[in-house]
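Here is the structure we will look at.
When a ligand or atom number is given, it counts from 1 through the structure's own listing order. No experiment lies behind these values; they were computed from the predicted model shown.
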Amino acid sequence: MPQFDVSRIVRETFVRQVDYHPVVDSTNTKAAEWAKCGKALLPLLVLADRQTAGRGRGTNRWWTGEGSLAFSLLIDESWMPRSSCQFPMLGLATGIAVVEVMQRFLQGHCVDLLWPNDVVVADRKLGGILVEGDSRRFTVIGVGVNVNNSLRDAPADLQPLAVSVLDLTGLKDDLTGILIGILRRLEIELKVLRDDKGFKHRPPYCLPQNEPVQISGEEGISTGICRGIRSDGAIVVETADGMRSVHARSIQFGSAAQ
Ligand code: BTN
């Protein structure tokens, strides 16, 4: 039985075409194929019940257990930020959309964005985002969220690192409803980013400029005053030793950072 109501998705979101697969290698790969053939109605949603070769950032793989949410949105330049140096922010915009929607389904738990695009609950991965695109014309936004799958069925090395809604609540949720919620929120975030409506200044996941931050990143921990975000997504911090650009894994703001 199909896990998603495709006509409801088209009716209730900005998506104009849905390519739904019971099984596919990777929805991001499929969306990139659609981009190359040039025949998709955009925004196009590639959706799958299962992926056999789901991809994560770098060399990571993405496990797509039965009941999880895995999709890719193919957008063209009309949905992208005007300035190409803002492209790295697409992942952050998507992360914000996923966090805000998943928080509604996980009351009593704190859903966090590990800046810029890991969605976590108590340090375990609930979702991940993979934005890909090789030209100014098309971008693929891939999202995986552990919803009705259980990490008990995952490869052993993943089990302590990730978590699902089912594992946290013991309940199964409406996958179509969650997907529609994320797509609607994402539409808003993409518009804010595209139209440059103060995206960087929105709390709590975006960075409050000129306020204290403590950032744990690949480069260690930096404490200082947040001076903005570079176009590659690095955060600029004024520390006691001068300006540093940090690719953040996690951030603390305000008094927690002092
Ligand atoms: C990461 O955490 O490194 C990113 C994971 C992204 C996974 C999603 S699932 C849907 C889409 N298709 C893929 O092959 N990957 C993304």
Side-chain angles (χ1 to χ4, degrees), residues 3-4 6 9 13 15 18-36 40 43-75 87-99 101-102 111-134 138-149 151 153-155 157-165 175-176 178-183 186 205 217-218 233 247-250:
Q3 303 213 46
F4 292 91
V6 169
I9 295 165
T13 72
V15 161
V18 178
D19 177 26
Y20 180 20
H21 301 262
V23 184
V24 76
D25 51 359
S26 152
T27 56
N28 265 36
T29 304
K30 199 80 193 160
E33 286 167 18
W34 274 105
K36 280 190 202 113
L44 164 85
L45 181 75
V46 181
L47 186 59
D49 292 339
R50 232 163 49 76
Q51 298 183 112
T52 52
R55 291 185 285 110
R57 272 170 293 140
T59 55
N60 293 346
R61 284 175 303 125
W62 181 260
W63 173 71
T64 314
E66 197 181 326
S68 69
L69 181 58
F71 68 90
S72 301
L73 187 71
L74 175 64
I75 53 171
F87 283 6
M89 307 303 278
L90 284 170
L92 179 58
T94 309
I96 291 171
V98 174
V99 166
V101 172
M102 295 319 297
V111 184
D112 253 323
L113 187 60
L114 251 189
W115 207 89
N117 42 11
D118 281 348
V119 178
V120 297
V121 175
D123 289 335
R124 293 169 86 173
K125 197 144 162 170
L126 181 74
I129 291 144
L130 179 66
V131 178
E132 297 180 309
D134 56 2
F138 296 104
T139 293
V140 175
I141 300 175
V143 177
V145 186
N146 296 313
V147 182
N148 295 336
N149 52 323
L151 269 293
D153 303 323
D157 57 328
L158 275 187
Q159 293 189 11
L161 305 176
V163 75
S164 72
V165 176
L175 280 177
T176 301
I178 292 179
L179 173 61
I180 288 174
I182 293 174
L183 290 170
L186 183 56
Y205 313 107
E218 288 153 15
H247 288 94
R249 290 292 297 163
S250 69

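- Atom CD1 of I96 sits about 10.5 Å away from atom CG of L186, to the nearest 0.5 Å.
- Looking at S26 next to ligand 1, an N or O pair under 3.5 Å apart turns up.
- By the 6.0 Å contact criterion, CZ on R124 is enclosed, its count of non-hydrogen atoms from other residues, nucleotides or ligands being greater than 12.
- Atoms of ligand 1 lying under 4.0 Å from at least one heavy atom of T27, given by number and element, are 10 (C), 11 (C), 12 (N).
- Separating the CG atom in N60 from the CZ atom in R55 is a distance of 11.5 Å, to the nearest 0.5 Å.
- When side chains are defined from C-beta on, E33 does not count as touching K36, because their heavy atoms never get closer than 4.5 Å.
- Not one N or O of N60 is nearer than 3.5 Å to an N or O of ligand 1, by distance alone.
- Closest to atom 9 (S) of ligand 1, if we only count protein heavy atoms, is Q51 NE2, 3.4 Å.
- Between L175 atom CG and F71 atom CZ the span is 11.0 Å, to the nearest 0.5 Å.
- Listed by number with element, the atoms of ligand 1 under 4.0 Å from a non-hydrogen atom of G56 are 1 (C), 3 (O), 4 (C), 5 (C).
- W62 CE3, 3.5 Å is the protein heavy atom nearest to atom 5 (C) of ligand 1.
- Atom 2 (O) of ligand 1 has K125 NZ, 2.5 Å as its closest protein atom, hydrogens excluded (heavy atom only).
- Separating the CG atom in L47 from the CG atom in L73 is a distance of 11.0 Å, to the nearest 0.5 Å.
- Within ligand 1, the atoms closer than 4.0 Å to a non-hydrogen atom of G54 are 14 (O), numbered from 1 in the order shown.
- Of all atoms in ligand 1, listed by their number and element, those nearer than 4.0 Å to a heavy atom of R57 are 1 (C), 3 (O), 4 (C).
- For D123, the CG atom sits in a loose shell: 12 or fewer heavy atoms of surrounding residues, nucleotides or ligands are nearer than 6.0 Å.
- Looking only at protein heavy atoms, the nearest one to atom 6 (C) of ligand 1 is R55 O, 3.5 Å.
- By the criterion of a heavy-atom distance under 4.0 Å, the backbone of I129, and not its side chain, is placed next to ligand 1.
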